[in-house]
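First comes the structure, then the notes that go with it.
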Amino acid sequence: MKGHTSVLLLAITAGITLGSSSAWAETYNLMPQPAKLEPGSGRLVIDGSFRVALEGFREPRLDAVAARLIQRLSRQTGIPLPGGLESEPGKATLVLHCDHAGEEIQSVREDESYQMDVTPQQARLSAPTPVGLMRGVETFLQLIELDAQGFSAPAVHITDHPRFAWRGLMIDVCRHWMPMEVLQRNIDAMAAVKLNVLHLHLSDDQGFRIESKKYPRLQELGSDGHYYTQAQITELVIYARDRGIRVVPEMDMPGHSTSWFVGYPELASGPGPVQIERKWGVFNPTLDPTREETYTFLDGLIGEIAALFPDEYFHVGGDEVNGVQWNTNASIMAFKKAQGMKDNADLQMYFNRRLMPIVQKHGKKMIGWDEIFHPDLPKDIVVQSWRGQESLAQAARLGYMSILSHGYYLDHALAPADYYQVDPLAGAAANLTPEQASHILGGEACMWSEFVTPENIDSRIWPSAAAVAERLWSPQDVKAVDSMYRRLEVVSRKLDGVGVTRNSSYMLMLARLAGTHSPESLTTLADVVEPIKAYAREGAREYTSLTPYNRLVDAARPESEVARIFAERADHLTANKDAVRKQLIAWRDSREELLPLLQQSALLQEDIPLAEDLSSVARAGLEALDYVDSGHPAPKAWVEGQTVLLNLAAKPHAELLLMIVEPVRKLVAAAERGSW
Ligand code: TNX
């Protein structure tokens, strides 16, 4: 019992309430943090006698929840556990109590709350709905840890519910095709951190990724054979529903639609023939919004696709229409003139107004990227804000529902902390009235797949999506970055157990790069570099969907944990001097083993400058430590020399950034002062 009691005593003596942001948070490794947690005393032992009972409302989905819980617990602990339920709740280790059925089709209104009581005798988890129970089960699994006495769950009382109803992850399966197993393992990981919407970006210039029986040339000619069959979609939707996750399909239109026109060129606003797009960016092919045939086609297609997805929302895309084809088509220009439209935004608005009743006719509400927003559209549309938080706030002020994605772009390869600090109700949305704010349903992390493949996509989604999940689930005042990182490290490892390949594929990719050599010394370099950020890679070279994504930049993580921890230590040098010195020595000396390894691999040669910089930057850091230890400020010429070196090392090489440069800069500054 590692200090649970002391935290409790501390809290009682200090007279503070144990709210979401108090000291107890540091005792457990929960993510997202529950709304309310009170520590109890003692621990519930988890061993081979672990049994689960179901109580109250029953449905097959709950039996599956219990069965998966037992399996996961067994995998997490390595303890063999028999499947099957305990029929007498009094004898069970964990009682799952469900009040009543949930929604037939899970929606933003679903009750996801739960309560949990863990005592040394028994754990009781109760929830109004099966989905609430699923959320609680994940908390229970996160509570279980190994200490000197074995596996146990600490005694606690938890009352929990989400802050936002829409907590999504968007996966672009078009730029790079993502087979079923990628989606399934990510659904499992989403459930583990209480995300509840998988938004599938199913069509784009580079691929049409779902089977249409009505218009089969869409996938036959528009997908290179990489698409989900209707049977697979049904399977996926059930898989997600079993885990309390909605699946929202997106058909991006009228732009980002090149792949449609390979099989159906007559739908385009410009002349054919059309090929599947291989590059990244914004392209000209766009649906012709002026022809009636377009809407007949969309009616057929949307009807067919909408029927496969029970969710109440259907995403129509709507982003990045460049207007080139509209501006060069005489009949479209004449149409605009005849209708008194002043620009292409008006024409896109006309398209959306025609689209709206089609979506409704098939029983769906419309959601689209923020370009679709127009005050003439009915109030039940949802605006997905990606260009800035202002559009989110504006939509809310006008009574429209919206979700935030700006700031949650996982493809930008930022650090978990960067995503964590973005709050749907901050920034432009901070001054909304409570009524207006209630229109903001939540947010979605977006994984655009220009620069990810099935091999490395998990390493871009996780663990950042867990930080976003906490932002969207936990109370707004849960925002301490240190605490987030401490818990994220533990939760990240548990996500590996759920099937996330972030670590396993990292090792495989490094091994591939190293060829027949051991990848061990390569890890030293790979652990301290990060891919260049945001859209920088698009300018770095000509990428296409046929480019191999097998370089160090593709293996490297969005955030170097090693460099982050080093930077923290360098910031508190007096306490960490030995560790910092030791680390710098290892980096300085890594060159000797690294260089021959890099030279012998065609894929690694481009990284030689990084290995050189790692060594020389580390040497600069060591010299800086020596100057400070000597008690005399470093000579001016030395400082200037190191600054030149650091500035060069700060530049990207092979699309990678060396993350130890900035912390070493601080050491050099200390040497210049002659003190910490
Ligand atoms: C913009 S976000 C796009 C996508 C790209 C993404 C890359 C949005 C609605 N459109 O087509 O993949 O940037 O970050």
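Residue indices begin at 1 and follow the sequence shown. All values below come from the heavy atoms of this structure, side chains included, with hydrogens, waters and symmetry mates left out. Both counts, for ligands and for their atoms, begin at 1 and track the order of listing.
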Is there a side-chain contact between Ser492 and Trp462, using heavy atoms and a 4.5 Å cut-off?
no
Against heavy atoms of Tyr409, which atoms of ligand 1 measure under 4.0 Å?
2 (S), 8 (C), 14 (O)
In this structure, does ligand 1 have an atom that sits under 4.0 Å from one of the heavy atoms of Glu371?
no
From Asp172, Asp252, Asp319, Asp204 - option closest to atom 8 (C) of ligand 1 by heavy atom:
Asp319
Under 4.0 Å to a heavy atom of Glu450 - the qualifying atoms of ligand 1, by number
5 (C), 7 (C), 12 (O)
Any atoms of ligand 1 less than 4.0 Å from a non-hydrogen atom of His256? List them with their elements.
11 (O)
For atom 7 (C) of ligand 1, find the nearest protein heavy atom and state the residue, atom name and distance (0.1 Å precision).
Asp411 OD2, 3.3 Å
Does NZ or CZ of Arg471 come closer than 6.0 Å to the centre of the six-membered ring of Tyr419, within 45° of the ring's axis?
no
With no hydrogens and no angle check, just 3.5 Å: does a side-chain donor-acceptor pair link Arg557 and Asn503?
yes
Among all protein heavy atoms, pick the one closest to atom 3 (C) of ligand 1 and tell me residue, atom and distance.
Glu320 OE1, 3.3 Å
Would you tell me whether Trp369 and Glu250 have side-chain atoms, one donor and one acceptor, within less than 3.5 Å of each other?
yes
Using a strict threshold of under 4.0 Å (side-chain N to carboxylate O), is an ion pair present between Lys533 and Asp418?
no
For atom 11 (O) of ligand 1, what's the nearest protein heavy atom and its distance?
Arg175 NH2, 2.9 Å
Only heavy atoms of Trp369, strictly under 4.0 Å: list the atoms of ligand 1 that pass.
9 (C)
So for Tyr535, does at least one of its heavy atoms come nearer than 4.0 angstrom to any atom of ligand 1?
yes
Counting both backbone and side chain atoms, is some N or O of Trp448 under 3.5 Å from an N or O of ligand 1?
no
Could you tell me if Arg209 sits above the aromatic ring of Tyr227, with its cationic atom closer than 6.0 Å to the ring centre and no more than 45 degrees from the axis?
no
Measuring centre to centre across the rings, with the benzene-like ring taken for any Trp, is Trp448 within less than 6.0 Å of His256?
no
Quick check with a 6.0 Å cut-off and a 45 degree axis cone: is Arg217 positioned over the face of Tyr215's six-membered ring?
no
